[in-house]
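Down below is the structure, laid out as structure tokens.
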Amino acid sequence: MSKTSFGYVTLVGEPNVGKSTLLNQFVGTKLAIVTHKTQTTRSNLIGIQHRGDTQIAFVDTPGIFNPKTKLDQIMVKSAWGSIKYADIISLIVQPKSAQRSEISTVIRRLRRMDSNQAKRILIVNKIDLVKPSELLKMVEVFTKEMDFAKVFLVSAKTGDGIPDLLDWYGDNLPDGNWLFPRDHISSQSVQNLACDITREKLLIRLHQEIPYNLTVVTDQWQELKNNEVRIDQNIIVSREGHKAMVIGASGSCIKQIGIEARKDIAKLLGQKVHLFLRVTVRKKWMNDETRLGEMGIGMI
Ligand SMILES: Nc1nc2c(ncn2[C@@H]2O[C@H](COP(=O)(O)OP(=O)(O)OP(=O)(O)O)[C@@H](O)[C@H]2O)c(=O)[nH]1
Ligand SMILES: [Mg+2]
């Protein structure tokens, strides 16, 4: 039998640098939700890729920022937690990060962390947004602060630099047995992935603080005849005013969210989906650790 390799590759960095877009590129499927807003990802999400005898478990993580609520704390903690079991730590930055002090805070903490000799690489994403002449200067800013085994310049949007990066990951993982069955592409349940899809549509459509103050949970998931599924989801908000905004005039907003989410959930499942959404107010859900645990936030 031929020798197999297995490893965890964690994707960490500030919010909005493109970690989830990269994960989707790596696994070739839209597993992680992506929006133009910060703090889109709330829990670690594993996406699995196979390259010959190598199985790579990519870990997408919430962006690292200054936490305020219990939810924020759990998000940031799970991002740092992924470092502990990583074989390769990928620090993702974007051109804008070079001018920001937050990234130095991330690098300083990363430097201090005991990470079982994991290899550390720097990935500069969104290179489609800058002139090649500016890239070199930028890389210098980051590499002055920390030693990286390798630096990659990529664009998750155009796919530029991704094949070389994937080859490098494949060549640098330890020998070992695969941890997941071959047909597995994610560690997340389809129920959670479907809730995230609805949250993605809410994040894109709603403004200001509303999308940050809501979450989506599954009420019921019922397989029907003819390969169809009925999904009931509950959108939990923290204020009555937010409930009215989510519903919209004569239900127009929630109707549109439902249409968009149903389409993407059906694509993910390969099934016809009947999606039913309701909205509930739970004032302190973002600071209620038990409630957050029940919602599956901070599980891995
Ligand atoms: N131009 C350009 N935009 C990108 C690229 N990669 C990601 N984006 C955009 O950047 C935004 C943030 O992408 P995400 O993948 O959600 O970023 P993230 O790091 O996962 O963000 P959080 O989950 O909030 O921490 C989205 O609007 C993406 O479309 C890229 O290579 N080039
Ligand atoms: Mg993300």
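When a ligand or atom number is given, it counts from 1 through the structure's own listing order. Given the structure is predicted, the values throughout are model-derived calculations rather than measurements.
Annotation: ligand 1 has protein neighbours P15, N16, V17, G18, K19, S20, T21, V34, T35, H36, K37, T38, Q39, T40, T41, G63, N125, K126, D128, L129, S155, A156, K157, each with a heavy atom less than 4.0 angstrom from the ligand.
Taking CD1 from I83 and CZ from R109, the interatomic distance works out to 9.0 Å, rounded to the nearest 0.5 Å. For the atom pair CG (N125) and CG (L165), the distance works out to 10.0 Å, reported to the nearest 0.5 Å. In this structure, the separation between CG on N213 and CZ on R282 is 14.5 Å, given to the nearest 0.5 Å.
The Mg ion (ligand 2) has no N, O or S atom of T61 closer than 2.8 Å. With a cut-off of 2.8 Å, the Mg ion (ligand 2) has an N, O or S atom of T41 in range.
Closest approach of E289 and I74 over heavy atoms only: CG-CD1, 4.3 Å. Taking both residues in full, the closest heavy atoms of A86 and A118 are given as O-CB, 3.3 Å, listed atom of the first, atom of the second, then distance. Of all the heavy atoms in T69 and M286, the pair that sits closest is CB-O, 4.0 Å.
Taking the six-membered ring where tryptophan is involved, the planes of Y169 and F26 are perpendicular, since the angle between them exceeds 60° and thus also 30°.
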